[in-house]
Amino acid sequence: MNHSSVKILALIAFGVFASANAQTNDVTTPLHAMQPDYVTPYVVPEKNNIEAILNRVYNFLEENTASKVLNASDNSEVKDFKKAKGKLVFSPGSFRLTSYEWGVTYAGMLLAAEATGKKEYADYANKRIKLIADLAENFKSENVQDSPIRTVLKPHALDDAGALCAAFIKAKKAGLNANVDPVINNFIKYISEKEYRLKDGTLARNRPQNNTLWLDDMFMSVPALAQMGSYTGEKKYFDDAVKQVNQFSERMFNSQKGIYMHGWVESMQTHPEFHWARANGWAVMTMVELLEVLPKNHPGYPQVLAQLQKHIAGLMQYQDGTGFWHQLLDRNDSYLETSATAIYAYSIARAINRGYVDKLAYAPAVLLAWNAVASKVNEKGQVEGTCVGTGMAFDPAFYYYRPINLFAAHGYGPVLLAGAEIITLLKNNQFEMNDSSIQLKIKG
């Protein structure tokens, strides 16, 4: 071998040696500090960014929901309801002002105003709540179908009454100057006296089968009853609210999984369990809303608190690595759903802020949930990835293939609630990146 060949081999060997030493390995690089390829931003959210998202949602809703009443005959604006005759309609919009989803949205706007100090959020809710109350006060037509608030005047289901009732009371307690008491009393009368119940007093429906419990109905009734108890001081409303939580939970809560089934039919010997995400959201939000106003010396307070803690612990087992929860909680091949994730972000953050659960254990996962939700608010302020309104089924295909839609109203209120409550969480706590993970910062 000549001198040139030896030199070439030496250079090749040196190159191989240098390449080996340049490799990213456990000797050359602190591998634990490498940046993972996160699907959802793995950061502590900033208040300004949250407010920017809330503002986008607000602007979209302000532009796309009615704020006036028109004569159906000529589309002229009705300004004096005392003189209005004939059929009336709301001005054009993409969402219904009297739906239960919009009861949640009004509550979300009120909480956003409280968290940010921005009056326009409360104005959004108050303007429309006052509009509904003024219409109800001056309704004279013999035909309820002539009114755009026919489900307010004559509720036919808990969906028509509960969420709106709770929001109306919250608005009144926050200073709304409007005659909302007749509407509130009408809603509560329906919930307390007219809605169908099982023999033990549990609120029920006769669809899709006779004597059916819908988990959704915890939210469609209990927060309104709780707020009425707070508003009037009458213990009977608190008693009924606690009874509903306990009796729904006895039948529908799976203590091994820590989550609820969606539906329960009295006549079934076997109760199929489909753990629909948004229904579990309504349940966890119900308990948070009840504890907010339930007197701590009420005999049912410890039961409700314990049930909330068990439910939150169960829910946290099913959070996806993206920060979302699945449409069917315990079936991770079902799609990731936005509205339920937003409801959990709000409810668990509020539970942390009120001291109901361990903030050291749950706060980082709640921030991840918010980051996931934030990724679904597009530049127009529309909420993506929300399941449309959903009935009840006893087969998986129904839940797996429920459509999602930008105009599914269920997503907007929960996003407002979640963002507002996360702002409060960040105000009251500090977070840090500790060994690459988000941790609650503890003094000392």
Side-chain angles (χ1 to χ4, degrees), residues 103-104 107 110-111 114 158 162-163 165-170 172-174 184 187-188 191-192 195 197-198 200-203 213 215-255 258-260 279-316 343-363 366 417 421 424-425 428:
V104 181
L110 294 170
L111 191 64
E114 181 183 325
L158 290 174
C165 183
F168 275 47
I169 296 173
K170 288 179 179 180
K172 185 67 174 180
K173 287 162 69 176
I184 291 169
F187 282 144
I188 283 294
I191 296 168
S192 296
E195 175 64 19
R197 296 183 182 227
L198 301 184
D200 66 357
T202 308
L203 290 160
L213 300 189
L215 185 60
D216 319 52
D217 284 345
M218 280 177 64
F219 181 76
M220 306 303 165
S221 59
V222 171
L225 291 167
Q227 286 293 328
M228 196 64 176
S230 172
Y231 190 47
T232 64
E234 294 187 49
K235 184 174 177 290
K236 66 179 181 179
Y237 296 113
F238 290 131
D239 292 345
D240 196 12
V242 170
K243 178 172 76 173
Q244 297 306 320
V245 170
N246 289 341
Q247 293 179 178
F248 270 85
S249 298
E250 286 169 8
R251 293 176 170 99
M252 304 180 77
F253 187 69
N254 184 318
S255 58
I259 51 179
Y260 288 86
N280 272 266
W282 296 137
V284 71
M285 184 152 64
T286 291
M287 290 180 279
V288 169
E289 296 273 321
L290 174 55
L291 290 171
E292 184 79 12
V293 293
L294 183 65
K296 289 188 176 180
N297 62 358
H298 189 282
Y301 189 96
Q303 294 170 284
V304 176
L305 178 59
Q307 184 62 35
L308 173 67
Q309 291 168 340
K310 287 187 287 188
H311 192 203
I312 289 176
L315 289 171
M316 296 310 300
I343 295 171
Y344 300 158
Y346 160 69
S347 301
I348 302 172
R350 198 163 184 86
I352 290 169
N353 289 334
R354 296 296 184 272
Y356 304 147
V357 295
D358 185 350
K359 65 181 180 180
L360 192 62
Y362 295 128
V366 170
L417 288 166
E421 202 61 35
T424 300
L425 180 65
N428 296 336

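This is a predicted model, so every value here is computed, not measured.
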- [ ] Go through the structure and list residues passing ring pair (Phe, Tyr, Trp, His ring centres under 6.0 Å) with Y346, not counting sequence neighbours.
- [x] none
TODO: Walk me through it: do L111 and R350 pass the test side-chain contact (heavy atoms from CB on, under 4.5 Å)?
DONE: CA-CA 11 Å; L111 191 64; R350 198 163 184 86; 3.7 Å; yes
Task: Separation of H311 NE2 from S347 OG (nearest 0.5 Å) - done: 9.5 Å
- [ ] Hey, could you give me the OG/CE distance between S249 and M218, rounded to the nearest 0.5 Å?
- [x] 5.0 Å
TODO: Could you list the residues that satisfy salt bridge (charged side-chain N to carboxylate O under 4.0 Å, His left out) with D216, not counting sequence neighbours?
DONE: none
Task: Exercise: identify the closest heavy-atom pair between G162 and A224 - done: O-CB, 3.4 Å
Task: Sole candidate of N280, V366, I312 that passes side chain to side chain contact (heavy atoms under 4.5 Å, CB included) when paired with Y344 - done: N280
Task: Step-by-step side-chain hydrogen bond (donor to acceptor under 3.5 Å, both in side chains) determination, K173 to S230 - done: CA-CA 10 Å; K173 287 162 69 176; S230 172; 3.0 Å; yes
Task: Sequence-distant partners of T202, side chain to side chain contact (heavy atoms under 4.5 Å, CB included), two or more places apart - done: L198, D200, L213, Q244, Q247, F248, R251
TODO: Nearest 0.5 Å please: distance from the OG1 atom of T232 over to the CD1 atom of I188.
DONE: 8.5 Å
Task: K170: partners by side chain to side chain donor-acceptor pair (under 3.5 Å), with sequence neighbours left out - done: E289
- [ ] Enter the distance from I348:CD1 to L425:CG here, rounded to the nearest 0.5 Å.
- [x] 11.5 Å
- [ ] If the plane angle is over 60° it's perpendicular, under 30° parallel, otherwise tilted; pick one for W282 and F219.
- [x] parallel
- [ ] Would you please test M228 and I191 for side-chain contact (heavy atoms from CB on, under 4.5 Å) and show each step?
- [x] CA-CA 11 Å; M228 196 64 176; I191 296 168; over 6 Å; no
Open item on the list: Nearest 0.5 Å, please: how far is CD1 in I169 from CG in L225?
Closed with: 9.0 Å
Task: Flag, side chain of N353 to backbone of A349, donor-acceptor distance under 3.5 Å - done: yes
- [ ] Identify the heavy atoms of Y237 and S192 that sit nearest to each other, and give their distance.
- [x] CE2-OG, 4.0 Å
Open item on the list: Quick check: closest heavy atoms across A167 and L110, and the distance to 0.1 Å?
Closed with: O-CD1, 4.1 Å
Task: Nearest non-hydrogen partners of L215 and A283, listed with the distance - done: CD1-CB, 3.9 Å
- [ ] Would you please name every residue forming a ring pair (Phe, Tyr, Trp, His ring centres under 6.0 Å) with Y362, sequence neighbours left out?
- [x] none
Open item on the list: Show the nearest heavy-atom pair for residues F238 and G229, with the distance to one decimal.
Closed with: CZ-C, 3.4 Å
TODO: Enter the distance from L290:CG to M285:CE here, rounded to the nearest 0.5 Å.
DONE: 13.0 Å
- [ ] Specify the closest pair of heavy atoms between Y231 and I184, including all atoms of both residues, with the distance to one decimal.
- [x] CE2-CD1, 4.2 Å
Please list every donor-acceptor pair under 3.5 Å in which a side-chain atom of residues 299-310 meets a protein atom from a residue at least two apart or in another chain.
| residue | atom | partner | partner atom | Å |
| --- | --- | --- | --- | --- |
| Q307 | NE2 | Y260 | OH | 3.0 |
| Q309 | NE2 | Y356 | O | 2.8 |

